Every structure is written in structure tokens, then in C-alpha cells.
A.B. asks: 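Quick one: structure below, then a few questions.
Here is how names work: the chains are called A, B, and so on, in the same order as the sequence lines, proteins then strands, and each is numbered from 1. All figures in this text were calculated on a predicted structure; none of them were measured in a lab.
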There are 2 protein chains.
Amino acid sequence: MVTLADVARHAGVSASTVSYVLSGKRSISAPTRERIQHSIDTLGYRPHAGARALASSRTGILALMMPLRTGLHVPVTTEIAMAVTTTARSHGYDVLLLTGEEGPEAVRRVEGSAIADAMIVMDVGRDDPRLPCLREAERPAVLIGLPTVSAEAADTAGLDCVDLDFEAAGARCVEHLAGLGHTRVAVLGEPSAVLGEPSAVLGEPSAVHERGTGFAARTLAGLRAAAGTHGVGLLHRPVDGTYAAVAAAVTRVFEERPGTTALVVQNEAAVEPLLALLRHQGRAVPEDVSVVAVCPDQVAVHASVPLTAVSVPAQEMGRLAVERLVRRLAGETPRGTELIPPLLTARASSGPAPSGSVPTEERRGRGGR
Amino acid sequence: MVTLADVARHAGVSASTVSYVLSGKRSISAPTRERIQHSIDTLGYRPHAGARALASSRTGILALMMPLRTGLHVPVTTEIAMAVTTTARSHGYDVLLLTGEEGPEAVRRVEGSAIADAMIVMDVGRDDPRLPCLREAERPAVLIGLPTVSAEAADTAGLDCVDLDFEAAGARCVEHLAGLGHTRVAVLGEPSAVLGEPSAVLGEPSAVHERGTGFAARTLAGLRAAAGTHGVGLLHRPVDGTYAAVAAAVTRVFEERPGTTALVVQNEAAVEPLLALLRHQGRAVPEDVSVVAVCPDQVAVHASVPLTAVSVPAQEMGRLAVERLVRRLAGETPRGTELIPPLLTARASSGPAPSGSVPTEERRGRGGR
DNA sequence: TTGAAAGCGCTAACAG
DNA sequence: CTGTTAGCGCTTTCAA
């Protein structure tokens, strides 16, 4: 193995000089620098990561904690991970992959054994057991996602978060549909999106405490708020990604409220089943029913009907998280929560509400604001 | 930070003794061991990864090189990565995530800077520029996938590979269908699956050299071989995952050979579009058309029609790769290629060939062996 | 069964 | 602008 000492000897300089050309932390005369660089190239020298970590207490590694059971969000999660990795590399960092299942212990391990310089944590839930560790940690950490339902909540204190503004995203969907004249919208949400607050809309199932990451709940909150503002009636049905579940939910929606003219989906896995079902039921998209999704662009574009959608900017989230971390490792302190504004792209799946199909009596039944 | 020396002092022993209780490389009397363990717990000691790496030249890290643009195989890739990570953890290893895009340089970096003890490389292509580096490398490496079309090829020499036996998988699909009486089968394959050999079947497009990882080509080879044996006519159409592509391919298949009674799909993304299309065309599955897939179990189970499929054992592949690596790091040398035998599970999508629909004249047109 | 001590390869004062 | 030197925290011979 070629060591720094070998290079120094070969170039006829001291070890520290070699070290300094590598780090650039002190000015070296052009001739010596070139000579050293030449020796490095000739000998094929590579600094030993462990030695460097020991001496400098910098590993050049960012830990990325990824959910193991991503359920239905594999693509987003993976895309974020990839963006994190490439961005990290572009800043000279490597990425250590950890699974969320290791829990707080993983955080302590990274911290205690100095395995990484900083960490990115995905899929943080409310009352996540890792949060306390993260707050106490010396090393910087960035969460992708919010550990709370709203950005305002106190849980955010002392943490650094990056996420899509799902609340605004939900609102954007309703705005778009309201602008097209839709007044009765159904939401096919995450199974875990149900909020712990009393229902503010038609047909809301009984209150259940939210357990997931909360992004679905945030979207729902945004949908509801905008629905209130725009006088849109909202129906919420949790579905998982199976065809059967989608079919059941949609059928129920149209039975309970035949005037429904638009659907909002947040569940990627539900997209194709939904479109297939509507096709099968003879409901044309967007002539009879408009569909708006919150999903990655790629999913929206490649769907059997190109979807009007708020894109989940997975790449950007990963990139932002790394850049924050890199800046903090460089001494800056850009803390706080950064919510990415939603961007809705209108595609083929949404159109004007079909005239005449909207029932005149709004907000019958329970609920309503 | 708590160091080994701190623990030694606290326990009233020497540093080496503490080190030895940690590594278990020498027998320590019960009392001292307990005393030391107590000090470790009390002080919350964690060995410094860098120091350990420097002193022992063991990092406790496995590098995992993942394709960045996985195209349509995100779920499989991700599942493998997760299996690798959890299996690695269960053996005391952490996983460093690298992207395939870094190419051979990443291999050299890992090797040269002693960043990891070993590496797992996914998505290796034929003539992959990383192969030479991997062969020369001191550290053990395992490929997930074969860098060649058939397992026999010389390319495998000096490499350690783990993969599904796609050739047998393809054969298994044809066997299954032949057993059900199907004699005309169409394959919706990967866009890159086209082999560089002259077509042995009906309607094969002009020869093109295979560029991808080759697993699609291997499946196709197996399909063809078995088709020959069982007197099944095979039609191959590459499709990507878009609805449009699937629709075009399927329409063409039935136009060109109306007697087709079964379809084999290897492209996960094409599964739902395909089922939706068949439904739309009024072809019942499996009454009119049988569908057999090569895909992860999860996809097969959750499809709108539960699919008869050869499962891609992503978990097992990841696990096997790690276990090989761990054994090799422990001094054993279980080299060579390990192909996992395919397992076909019959579900709702395949059934007996519809009687009377099979045209009598086989293999008209060009091709044929 | 335990200790003492010599590094592992690099960084970063401190000194010129 | 460059060299000297003292560690970083751990492992592992060599001795006892």
C-alpha cells in the first residue's frame, strides 16, 4: 500500500507538505505542488480513509437512514436516496445506508463510533424515538419529511427539515379543480392519513390518530382548508394500492355521492388501478371525471392517462438535504424547516366539470363547515 | 469522547485487555471481563470506527454499487439493497452506497482508500469497465447478476456471482404454459433483451446486439430453448413500461398471430398496463389469454389479476451476496457463480389454452429452427 | 490471564 | 513557503 510517507519520500518533501497539497489548507509553491502531484499520480497514492478519519475526526461520510418497509413509496424513497448519493459525491462525500428499523440505536452508533459526519433521516414519524437522539446529537442531521402534522408545531424545534409543502400541495389540487368548476371532490388517500381531529367534511370516518409520517395528513389538511375556501365538498377514503381496495373505495364514493366529478390520489400504487377501473366503469377521464395526483413526475407522465399532478420533487429533496448538511459541516448554520413550494402541472387527466352533473343541494348530510 | 483508555482506567486494567474483551480474541477471566463490561456500559463507550479501521485494516463496511438509472426495475433493485443492508447489519457490517455511474473509479476508490472491506456490484453489463478492476481487486467482491449471457461463458472467471437462473425461469414459464396446452406464446420482453443471434422464432426483429445486464436475454434464451422442446411457437416483442408501448405491442401480436393464447411478461412496469389493456379489449384472463410473469412476488400478488409468476427473489439475492462476502472475509473461499433455481407459483392468470383457437398451420413466415 | 509498547497513516499545531 | 513532531484511538505482537 502506498502511504503519504512514500509520496513524500518520492517527491523529496516532508509528509506534511504532501498532506497540505491534498487538503489545500496552506499555500504550496507551484513547483513543489506539481512535483508532489506527479509523485501521487506515479505511485497511485490514495489517502487511507481510516487514518484520515482518526487524525481529522472527519469521515467524509453522510449517513442516510431509509425506511425499510416503505410500503407504497418505494420509487420516491429510492429516488431521494439516489439524489442524496450523487449530490453527496459531488461534494466529496460518501453515503452510508442505514435502515430506519435500527431505530435510535443507529443514531447513537453513528454518533458514538464516529462512523459518519452527519446524517439524513427519512420517514420520521410523530413521536419518533429517534428524535431525542437527533436533538442531542453533536453531528448535524437533516430530516426529509416533517415529524409533525403542521410546520408550525413545536416538534420542529432544534431540527432541520426539508420537505415538499404537502399542505400547499393539497390546496393547489383543490384550487385547480375548483377553477375548472368542480364542486364535489373525493380524495383517495393513504390508509394512514386520517387525522385525529373531528371531521370537517362530508362522510369523514370516525376520528383516528394519525400514525404515519404525516405527509398524507398534511396534504389532507391542505385539501380541506382549500375545500372550505372554495366551497368544494370533499370526501375522503383511505385506500391501499390494491385494485380491490381502489375499486371498493371508488364504487362507494360514486354510490354515496353520485355528483362527484373529480378525484385526488396521493397513492402512487393506486394510480393505475384507479384509471383502469374508471375505464372499466365507462367513466371517461377527464370528460366525466377529473383525476389529480400528488406523485412523482415520472409516474404522472407514464400513466395510461398522463396525469395532472403536483409532483413530489424527490430529487430536489435529496439534493437540498445534502446541501444543507454540507453547509453545516462547513460551519454555516442554515437551520430550520425548508418547505418546497408545490408545482402543479396540468396534463390530460383534468378538465372542466361536466355540466349538469352537479347536484344542486350541496352539503347535505353531516359535516360541512 | 470516551476512549478505550478511559474504560481501561475506569476498570483498572490495561487498554489491551479492554480491546480483547471487545474482540474476544483472547480469553479473559470472568471477573475482569464483567468489570470491564460494566465500565463500558457506565461510560457509554463506543469504539471509534476510524481508529479501529486504521489499526486493524478492517472497516466493518461493505460497499454496495447500485445502478442509478434503474429504468424499470426500481422495486427489485431497492429490495435487494434493503436485504443487503439488513443482512449486513446482522453480521455486524454497515453498507456504503455507491452509484454505478461512478464506474471503475469507484471500485478503485474503495480499494485504494480502504473505505470498505468488500463490495457488492449490481447491474453488471457485458464488457463492463468495472470488471477488470474487480478482478484485480484485493478485496472480495460479489456481483448480483451475470456479466454474460450464459453462465458458462468465460467472463465469469475470477468473479463471484449470485443471480436468479433466468434461463431456467424462462424455460419454466414455457413448460407451465405448454402443460396447459398452449402452443402459441408471445413474450413482452425488455427493450434490451434482443439477442445478437439470428432469430429462431417467428417474427423476430432484425438482430441487434444485447446491451443490458443480460438477464432479459437469458430469460429469452430459456424461453426459446423450452419452446423448441415443447413445440411452442414464440413471438418476442420488446416493450417499455408505458401503456402506449404495451398496447401497440399486444395489438400487433394478436394481429400477426391471432392464435396466440398466452403472454409472458418480464417487465414489471408493463404488468398493469397489459392487464388493463386485455380487459379493455374484452380478452378474459385466463379464459382467453393466459399471462405468466417474471417479477417480484409482491407485484404478482397485488396485480389486478393475481399473476402466475416466476418470482424474482430479490431478498434472497441480497442475502446470499452478503453471506458470501462475509464468509470470504472470514477466510473461506466459496467462489463461483450461484444461480438460484426459479420458482413458479401458479395463480389466477394462467389456465388451460382455449380449445379451438389454435391455428393449425404452425410457423408460417420466416424464421423457425 | 494480563500488561507494555509499538505502530496503523494521516493531520495540524508549532517552529523555522 | 516548508519541515518537525506529537498525537488521533485502537490492535496486536512480545513479555511476563
A.B. asks: A:Ile115 has an atom CD1; how far is it from atom P of D:dC10, in whole Å?
C.D. replies: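 Roughly 13 Å, once rounded to whole Å.
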
A.B. asks: Decide yes or no for B:Leu62 and B:Val84: does some side-chain heavy atom of the first lie under 4.5 Å from some side-chain heavy atom of the second?
C.D. replies: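 B:Leu62 vs B:Val84: side chains apart.
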
A.B. asks: Check the distance between C:dC10's P and B:His48's NE2 and give it to me in whole angstrom.
C.D. replies: 15 Å

A.B. asks: Which residues pass the side chain to side chain contact (heavy atoms under 4.5 Å, CB included) test with A:Val2, sequence neighbours left out?
C.D. replies: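 Applying side chain to side chain contact (heavy atoms under 4.5 Å, CB included) to A:Val2 gives A:Asp6, A:Val7, A:Leu43, A:Tyr45.
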
A.B. asks: Hey, is A:Glu338 close enough to A:Arg324 for a salt bridge, meaning N to O under 4.0 Å?
C.D. replies: yes

A.B. asks: Measure the shortest side-chain to side-chain distance between B:Leu159 and B:Pro147 over non-hydrogen atoms and say whether it is less than 4.5 angstrom.
C.D. replies: yes

A.B. asks: Measure CZ/B:Arg46 against C1'/D:dC10 and give the value in whole Å, please.
C.D. replies: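 After rounding, the reported distance stands at 17 Å.
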
A.B. asks: Starting at CZ of B:Arg58 and ending at P of C:dG9, how long is that distance when rounded to a whole Å?
C.D. replies: 16 Å

A.B. asks: Mind running a 4.0 Å heavy-atom check of residues 31-38 of chain A against DNA chain C and sending the residues that fall below it, in number order?
C.D. replies: none

A.B. asks: I'd like to compare against my own output: the B/S/- annotation of nucleotides 11-16 of chain C with a strict under-4.0 Å heavy-atom distance to protein.
C.D. replies: SBBB--

A.B. asks: Taking 4.0 angstrom as the limit, do A:Glu111 and A:Arg135 come out as a salt bridge?
C.D. replies: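 So A:Glu111 does not pair with A:Arg135 through a salt bridge.
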
A.B. asks: Between the side chains of B:Thr85 and A:Thr99, does any donor sit under 3.5 Å from an acceptor?
C.D. replies: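 No.
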
A.B. asks: Please determine, for the side chain of A:Val13, which listed nucleotide (D:dC10, D:dC1, D:dG3) has the closest atom?
C.D. replies: D:dG3

A.B. asks: Could you tell me whether the side chain of B:Gln37 reaches within less than 4.5 Å of the side chain of B:Ile28, counting heavy atoms only?
C.D. replies: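 Not touching, per the 4.5 Å side-chain cut-off.
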
A.B. asks: What is the distance, to the nearest angstrom, from the CG atom on B:Leu54 to the C1' atom on C:dC8?
C.D. replies: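 These atoms are roughly 4 Å apart.
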
A.B. asks: Start with the C-alpha gap between A:Arg109 and A:Glu102, add the side-chain angles, then the distance that decides, and say whether salt bridge (Lys or Arg N to Asp or Glu O under 4.0 Å) holds.
C.D. replies: CA-CA 10 Å; A:Arg109 211 157 51 82; A:Glu102 278 195 75; 3.3 Å; yes

